[in-house]
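A quick write-up on the structure given underneath.
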Amino acid sequence: MSPSTTVPVLTIDGPSGSGKGTISRRVAETLGWRLLDSGALYRAVGYAAGAEGLDLSDVDAMTRCAQTTKIRFHAAADGSDTRVLVNGHDATDELRTETAGAAASAIASIPSVRQALVDMQLAFRKNPGLVADGRDMGTVIFPDAPFKVFLTASAAERAKRRYKQLKEKGLSVTLATLQREIEARDARDASRTVAPLKPAVDAVFIDTTGMGIEDVVAKVLAVVRP
Ligand code: DC
C-alpha cells in the first residue's frame, strides 16, 4: 500500500448540474481538505486542443495533448474562485462554458486521454484529506476511498440550476437547449466503455432534486462524520 492511501478521500461523483462543484467546494472548506475538480482537467485538455486547432476526434493528437498540457490550479488569496491556468494562460472563464463542457465530455471518452490524467489526479491525495469531484472518482481513481457519495437530480432540475448559473455570468442560453445538452452529455458519459458515469457499489446515493445546498452539504458531511 502506498503511503498516500492512508490519506482519507471523499469521492463525490454524479452527472453535470447535480451540484457537485458547489457541494464539493463547501464540504472541502468545512473539513479543511484539499479539493480535486477533475472535470476541470478534462475541460482544460479540450480547451488546449481547441486553442491549438486540433481535431477532438483525433485520438493520437488528444492523447498527446492530455500528456503535455500544463494545468495549474491557483487558489486566490481573497477567497474568490480558484483560477485554472492552462499552458500558462488563465482559462478559468473559458473552461466554464457549455462548449468547453461538451469538448471535455467528447475527449473524456478516449481511454488514453483518461490514462494520461490519472497520476495528476492521484497527486492531489495529500493530508489532511481530499474531496474528489468527478464521474469516476469512487469507481476508478480512488476505489479505496473510505467515503463515497453519488449525487444526482432530475435532468429538468439540473438544467434549471445550470441556466441560473450561466445567466448570472451573463451568458446567453435557453433552458430547453440546456436540458437537451445535459441529457446528451449524460447519455455519452454513462454509455462510454471506459469509466462510465455510474455510482460505486459502496457509494451513498443522494438525490438532490428539491433540496437546498445547505441540506445537501449536511448530508454529505454526515457521510464523513456520522
Ligand atoms: O464535471 P464537469 O462538468 O466539469 O465535467 C466535464 C466533462 O468531463 C464531463 O462531461 C465528463 C468529463 N469528466 C469525466 O469524464 N471524468 C471526470 N472524472 C470528470 C469529468
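Read the numbers this way: they start at 1 and go in the same order the structure lists the ligands and their atoms. What you see is a predicted model; the values in this text were computed from it and never measured.
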Across all chains, not counting sequence neighbours, the ring-ring contact (aromatic ring centres under 6.0 Å, His included) partners of F150 are F205
Any side-chain to backbone donor/acceptor pair from K20 onto D37? Under 3.5 Å, distance only. no
Indicate yes or no: does E157 engage R161 in a salt bridge with an N to O separation below 4.0 Å. yes
Results of side chain to side chain contact (heavy atoms under 4.5 Å, CB included) for A28 - residues two or more places apart only: L35, V131
Classify the angle between the aromatic ring planes of H89 and Y47 as parallel (below 30°), tilted (30 to 60°) or perpendicular (above 60°). parallel
Looking at residues at least two apart in the chain, or sitting in another chain, which of them share a side chain to side chain donor-acceptor pair (under 3.5 Å) with T63? S112
Less than 4.0 Å from some atom of ligand 1, heavy atoms are found in residues K20, S38, G39, Y42, R43, A104, S105, A108, R114, G134, R135, D136, M137, R185, D189, R192
